[in-house]
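One structure below.
Chain naming here is simple, since letters A, B, ... match the order of the sequence lines and numbering starts at 1 in each. Keep in mind it's a predicted model, so treat the numbers as computed, not measured.
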Amino acid sequence: MYKFKEIESSQQKKWEEKKIFNTDSYSNKKRYYVLEMLPYPSGALHMGHVRNYSIGDVVARYKRMQGFEVMHPIGWDSFGLPAENAAIKRGINPKDWTDENISQMKLQLKKLGFSYDWSREIKTSSPSYYKWNQWLFCKMIEKGLAYREKAFVNWSESMQTVLANEQVEAAFCSGKGDDIVQKELTQWFFKITDYAEELLSGLDEIDWPENVKIMQKNWIGRSEGVELELDIPGFDSIKAFTTRLDTAYGITFVSISKSHWFIQHLGDEVKNFVKQTVEDKDGGRGIFTGHYAVNPFNGERVPIYVADYVLDYGTKAVIGVPAHDIRDWEFAQKHGIKVREVIVSEELPNAEKGILTNSDEFDGMTSDKAIEAMLSKMSHLGLASKKVNYRLKDWLISRQRYWGTPIPIKYENGIELDRELPVELPEDVEFSGSGNPIKTSKSFGDSRETDTMDTFVDSSWYYLRYLDSNNEREIFDGEIEKHWPQIDLYIGGVEHAVMHLLYARFIHRVMSDLGLTTKKEPFKRLLTQGMVLSNSYYNKRDNKYYFPKDLPENLDDFDVKMEKMSKSKNNGVAPEEMADKYGVDAVRIFILFAAPPERDLEWNEKGIAGAARFLNRVHQLVEEFEVKEVEEDSELLRKLHYTIDKVTNVMETNLHFNVAIAALMELLNTMYEKRDFLNLDALMDFLKLLSPFAPHISDHLLQKLGGQFFIKESWPEVDNRYLKREVLSVPIQVNGKHRGVIEVNDNMEKEQVLTLAKEAVSKYINGNIKKEIYVTGKIINFVV
RNA sequence: GCCGUGGUGGCGGAAUGGUAGACGCGUCGGACUCAAAAUCCGAUGAAGGCAACUUCGUGUGGGUUCGAGUCCCACCCUCGGUACCA
């Protein structure tokens, strides 16, 4: 095996010495900005990171070879819950814990040889970064895009803190869910709903995977419908949204959400129901309020329920038509609510549009006609209006936690912005596990906001800070932003498809409206990568996950599953261990080869050995190579140019590096067979193609052949002359079944080809051909 | 529940509607070696057959088409997200 350790560390040293990955912010070359989602410093780099950064690194190196000035930065998303938990559990300061993790992970990253411009590194937990979060917050207040409002949260009485839904679930699982209530707190929000329409239409301008666009579309959830007013005798009327006004005669109940204004008028039973937190949100849970609303169409009194399934958006109230809505049907079944058919149906429930019945003068109309007619009648009475509704809620950014950006607000004389930025996190705090630690600080002051910001705020604009990360006067220099207005390619896990990516798009638009950015959309192209999985071994006898090295011969007692690598399942594979054993380049090659980037990847140590073998063969070939006059070999040249074409295509289109690497392996095999005909140019072209994937060995071999660094070389070009084939083999089918192959000249006439084909498969034809299909050069099919 | 993903040999995967299984792993056989490792060469979807070859085969059931892994409909399973994990 080639000496990968020596080669890798010496190449990395050379790269660092020459600072060849640093980016000129003001470069006048063509520019390309490739970015991987910034990591949370959990303490150790995992294979998911390696995969993410390898994908980005390949693109960065390829683009450099194409003559682009490439921006490829890295930093740390270093605020967040785990640091605070470590503080509570082990008495470590969150800052120390975080910084220690960062320095460890940085070391690991450097050993993996990614082509980052480290001079741009950022850390979101440093005041020089979060200062600008606070500055943005102030701007948003000025713009009317941040406001304070009451909202329900999961509140743990014993811990005196807010819990995430995930934590609530965990608490219920371990039988500790009893003290969790729904509590109303006054909190800060960002008005993302003001941008709902833009965020929706903006999706059309970006080159993102269709499924991610659809998820965002559905999350925003635009629906056109009607807001209908129903009277509650003795109270204000209630407004309910519906997209199916045609079913209004079928209303047999009304449901409101748990934060609806009407609840304040209700008794303790309902209020207690609202406070309860239960595990199962989807069981059609609801309670009758004791009040009725009047259906303006027929004057009928229908019961009002508070129901879990009504989301806190829009009017927070929906009409219940069990006959024609499946969820309403289930709710009605559970609560014994009556059902009335108003769309002619064979069977109930029936959610399809159709012809109306039981609907007075609207009987016999189609749904669409009826919606118009019914809306017109009600709007004359002032009881209904057309309305566009969104599922998207405003973004609650307040967190009752320590390790985040302090919200820069003082409450001395009402609500006041604190303009002396940064408002730094106090260090004289206690981590007792109960309440917000900031409240224990003496230095922080009594009149300040003690909530911190959601960490999604940090990660919503960090890519802009990279442009000018050491700027102390401004969030970034506008001139540099004009040079690098968008991320050309953004790479990260599909788990961020909605929240992070939607928040970032929102903040970017806000910044654009503030005149800070020149484009509306931050990420021109998105690649969502799959997870890295490996086998986990769960022992059914002692209920523990075993490390693979601790397994017995006999696995009868074990549940073996392929799942996401994680600490708790003892199935993680440490990148540095693999790099030590097989080399960094082999790790990269394997992780890129084992699956296309967007798919989940199954870890397999045998596979990485295969990658190392491949690189060893490359090394061997170059070691044995001598520069001398050789004859041209058309097959070798065709293979070479076919591979250049293939790899370039992958780079320019879908980034399916697994296919590109397979092509490189095929080329290597051909070059081995034909090594007597191999010249320096061909060998060099092969190494160029390989270099983005396996940069250490490639640069090492280049230096042996008299060059320097591949990112300073130019990407090879296809010569179409070599790709042409004179003889094509065309498969023949009879009735769609493969029956043979013939070789034809590329200039042969159709008739001649068919005659030859008939001869070749005569025994399957028996004379009577009904139809002949010939797709030139591709396929022949006879129907008999 | 809702929104989205995926399902192809023993395994990871490849395949603009046109020869299913490229490439790699594993396995088997051979070469080299005193031997082993490494390396190199060859075979490898399943069933039947001495063989030529035949039949079957891309989660399940239907459909469109000369032709479907690929398009359409229904279903099953899997994974991600679900607004305070990041």
Side-chain angles (χ1 to χ4, degrees), chain A residues 1 37-40 42 77 79-82 85 153-154 161-168 192 209-219 221 280-284 309 311-312 326-327 330 391-401 404 454-456 459 493-500 502-503 528 530-531 533 562-564 589-590 593-596 598-611 613-614 616-617 620 656 658-659 661-666 669 672 729-741 770-773 775 778-784:
Chain A
M1 190 56 67
M37 290 183 184
L38 91 171
Y40 178 78
S42 58
D77 186 16
F79 271 140
L81 209 48
N85 288 340
V153 292
N154 303 312
T161 187
V162 179
L163 299 181
N165 283 337
E166 188 186 64
Q167 292 172 298
V168 173
I192 191 172
E210 210 48 44
N211 62 311
V212 176
K213 288 193 191 181
I214 290 169
M215 276 190 268
Q216 292 217 347
K217 227 172 244 176
N218 291 335
W219 186 269
D280 177 21
K281 274 190 164 176
D282 316 307
Y309 75 83
L311 299 174
D312 277 339
I326 289 155
R327 205 177 40 192
E330 282 162 5
R391 202 193 73 102
L392 182 69
K393 293 191 279 185
D394 273 340
W395 177 9
L396 195 171
I397 61 149
S398 291
R399 298 289 181 270
Q400 292 69 43
R401 315 228 184 256
D454 181 0
T455 55
F456 275 127
S459 54
V494 68
E495 66 271 20
H496 296 293
V498 178
M499 301 187 68
H500 160 60
L502 191 65
Y503 291 143
T528 50
M531 294 179 302
L533 317 175
M562 186 56 81
E563 48 191 345
K564 187 178 176 174
I589 291 279
F590 171 71
F593 176 66
E598 54 275 83
R599 243 208 264 188
D600 285 351
L601 181 149
E602 300 188 3
W603 187 259
N604 167 5
E605 198 170 331
K606 295 264 173 58
I608 185 176
R613 222 159 19 232
F614 164 64
N616 197 41
R617 267 160 68 85
Q620 196 77 11
H656 281 193
N658 55 326
V659 181
I661 293 170
L664 289 169
M665 288 173 169
E666 282 186 65
N669 290 341
Y672 243 94
S729 49
V730 180
I732 312 164
Q733 299 180 334
V734 177
N735 285 348
K737 269 195 180 163
H738 178 71
R739 292 300 184 191
V741 181
K770 277 192 200 151
K771 200 170 173 184
E772 296 171 349
I773 291 141
V775 183
K778 279 270 169 67
I779 196 135
I780 300 157
N781 191 8
F782 297 116
V783 185
V784 299

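Whole-Å rounding puts the A:Ile589 CD1 to B:G13 P distance at 18 Å. For A:His500 and B:C85, the NE2 to C1' distance is 15 Å, given to the nearest whole Å. For the pair A:Gln733 CD and B:G67 C1', the computed distance is 6 Å after rounding to whole Å. With rounding to whole Å, A:Leu502 atom CG is found 16 Å from B:A86 atom C1'. Rounded to whole Å, atom P of B:G12 lies 8 Å from atom CE of A:Met562. One atom, NZ of A:Lys737, and another, C1' of B:G67, lie 12 Å apart when rounded to the nearest Å. The CE-P distance, from A:Met665 to B:C25, rounds to 7 Å in whole Å. One atom, CD of A:Glu563, and another, P of B:C79, lie 9 Å apart when rounded to the nearest Å.
Look at B:U39: its Watson-Crick or wobble partner, with both distances under 3.5 angstrom, is B:A31. Nucleotide B:C75 has B:G59 as its partner under the Watson-Crick or G-U criteria, with both atom distances under 3.5 Å. For B:A52, there is no paired base (Watson-Crick or G-U wobble, both distances below 3.5 Å). Applying the Watson-Crick and G-U wobble criteria (two distances, each under 3.5 Å), B:G9 pairs with nothing in any strand. Nucleotide B:U44: paired with B:G26 (Watson-Crick or G-U wobble, both distances less than 3.5 Å).
For the P atoms, the distance linking B:G12 with B:G26 amounts to 15 Å, nearest Å. Remark: the separation of the C1' atoms in B:G18 and B:C11 is 29 Å, to the nearest Å. For B:G21 and B:G10, the C1' atoms lie 14 Å apart once the distance is rounded to whole Å. Taking the P atoms as reference points, B:U70 lies 15 Å from B:G9, given to the whole Å. Between B:A22 and B:G13, the two P atoms lie 15 Å apart (nearest whole Å). A distance of about 15 Å separates the P atoms of B:G62 and B:G69, rounded to the whole Å. If you take atom P in B:G4 and the same atom in B:C72, they sit 14 Å apart, rounded to whole Å. On the C1' atoms, B:G59 is 15 Å away from B:C79, given to the nearest whole Å.
Side chain of A:Leu392, nearest nucleotide from B:G81, B:A22, B:A83: B:A83. Distances from the side chain of A:Ile214 to the nucleotides B:A86, B:C3, B:G24 place B:C3 closest. For A:Met499, whose side chain is taken as the heavy atoms from C-beta onward, the closest listed nucleotide among B:A83, B:G26, B:C79 is B:A83. Which of B:C84, B:U16, B:C25 sits closest to the side chain of A:Asn604 comes down to B:C25. The nucleotide whose nearest atom lies closest to any side-chain atom of A:Val659 is, among B:G13, B:A15, B:C66, B:A15. Here the nucleotide nearest the side chain of A:Arg599, chosen from B:A83, B:A86, B:G6, is B:G6. Closest to the side chain of A:Ala164, out of B:U19, B:C84, B:C79, is B:C84. Closest to the side chain of A:Arg617, from the set B:C40, B:C85, B:C79, is B:C40. With B:G13, B:U19, B:A83 as the candidates, the nucleotide lying closest to the side chain of A:Pro596 is B:G13. When distances run from any side-chain atom of A:Asn658 to the nucleotides B:G13, B:G18, B:U19, the shortest one goes to B:G13.
A:Glu495 comes within 4.0 angstrom of a base, heavy atoms only. Base engagement by A:Val162 is indicated by at least one non-hydrogen atom pair under 4.0 Å involving a base atom. At the heavy-atom level, A:Tyr40 lies under 4.0 Å from the strands shown only through sugar-phosphate atoms. Within the 4.0 angstrom heavy-atom criterion, no nucleotide atom of any strand lies near A:Ser42. Across all strands shown, A:Phe456 has heavy atoms under 4.0 Å from base atoms, whether or not it also approaches the sugar-phosphate. Across all strands, A:Asn154 comes closer than 4.0 Å to no nucleic acid atom at all (heavy-atom distances). No contact: A:Trp395 has no heavy atom under 4.0 Å from any strand. Using a 4.0 Å heavy-atom cutoff across all strands shown, A:Asn735 reaches no nucleic acid atom at all. Nucleic acid contact for A:Met531: sugar-phosphate only, since backbone atoms but no base atoms lie under 4.0 Å from a heavy atom of the residue.
Between A:Arg739 and B:G18 there is no side-chain N or O to OP1 or OP2 distance below 4.0 Å. Residue A:Arg613 has a polar side-chain atom (N or O) positioned under 4.0 Å from OP1 or OP2 of B:C25. A close approach under 4.0 Å does not occur between any side-chain nitrogen or oxygen of A:Asn218 and OP1 or OP2 of B:G81. An OP1 or OP2 oxygen of B:U39 is reached within less than 4.0 angstrom by no side-chain nitrogen or oxygen of A:Asn616. For A:Lys771 and B:C66, the shortest distance from a side-chain N or O to OP1 or OP2 is below 4.0 Å.
Between the A:Asn781 side chain and the A:Gly736 main chain, a donor and an acceptor come within less than 3.5 Å of each other. Under the 3.5 Å distance criterion, the side-chain polar atoms of A:Arg401 are left unmatched by any main-chain donor or acceptor of A:Thr161.
Judged by distance alone with a 3.5 Å cut-off, a donor-acceptor contact links the side chain of A:Gln400 to the base of B:C84. Evaluation of atom-type donor-acceptor distances gives a pair under 3.5 Å for the side chain of A:Arg401 against the base of B:C84. The base of B:G1 does not come close enough to the side chain of A:Glu330 for any donor and acceptor atom to sit less than 3.5 Å apart. The base of B:C66 sits within donor-acceptor range of the side chain of A:Asn781, with an N or O pair under 3.5 Å.
Map A:Glu598 and A:Arg391 each onto its nearest nucleotide of RNA chain B; the residue landing nearer the 5' end is A:Glu598. Positionally, the nearest nucleotide of RNA chain B for A:Ile773 lies more toward the 5' end than for the other of A:Ser398 and A:Ile773.
The minimum heavy-atom distance linking A:Ala164 with A:Asn154 is given by the pair C-ND2, 4.0 Å. Residue A:Tyr309 comes nearest to A:Arg327 through the heavy atom pair CD1-NE, 3.3 Å, listed as atom of the first residue, atom of the second, then distance. A:Leu502 and A:Trp219 get closest at one heavy-atom pair: CD2-CD1, 3.5 Å. Annotation for A:Ala497 and A:Val212: closest pair O-CG1, 3.7 Å, computed over non-hydrogen atoms. A:Asn735 and A:Val784 get closest at one heavy-atom pair: OD1-N, 3.0 Å.
Distance CD/A:Glu495 to CE/A:Met531: 7.5 Å, rounded to 0.5 Å. In this structure, CH2 on A:Trp395 lies 9.0 Å from CE on A:Met499, to the nearest 0.5 angstrom.
In summary, the side chains of A:Arg391 and A:Asn218 do not present any donor paired with an acceptor at a separation below 3.5 Å, with no hydrogens or angles considered.
In this structure, B:G80 is classed as anti because its glycosidic torsion departs from zero by more than 90°.
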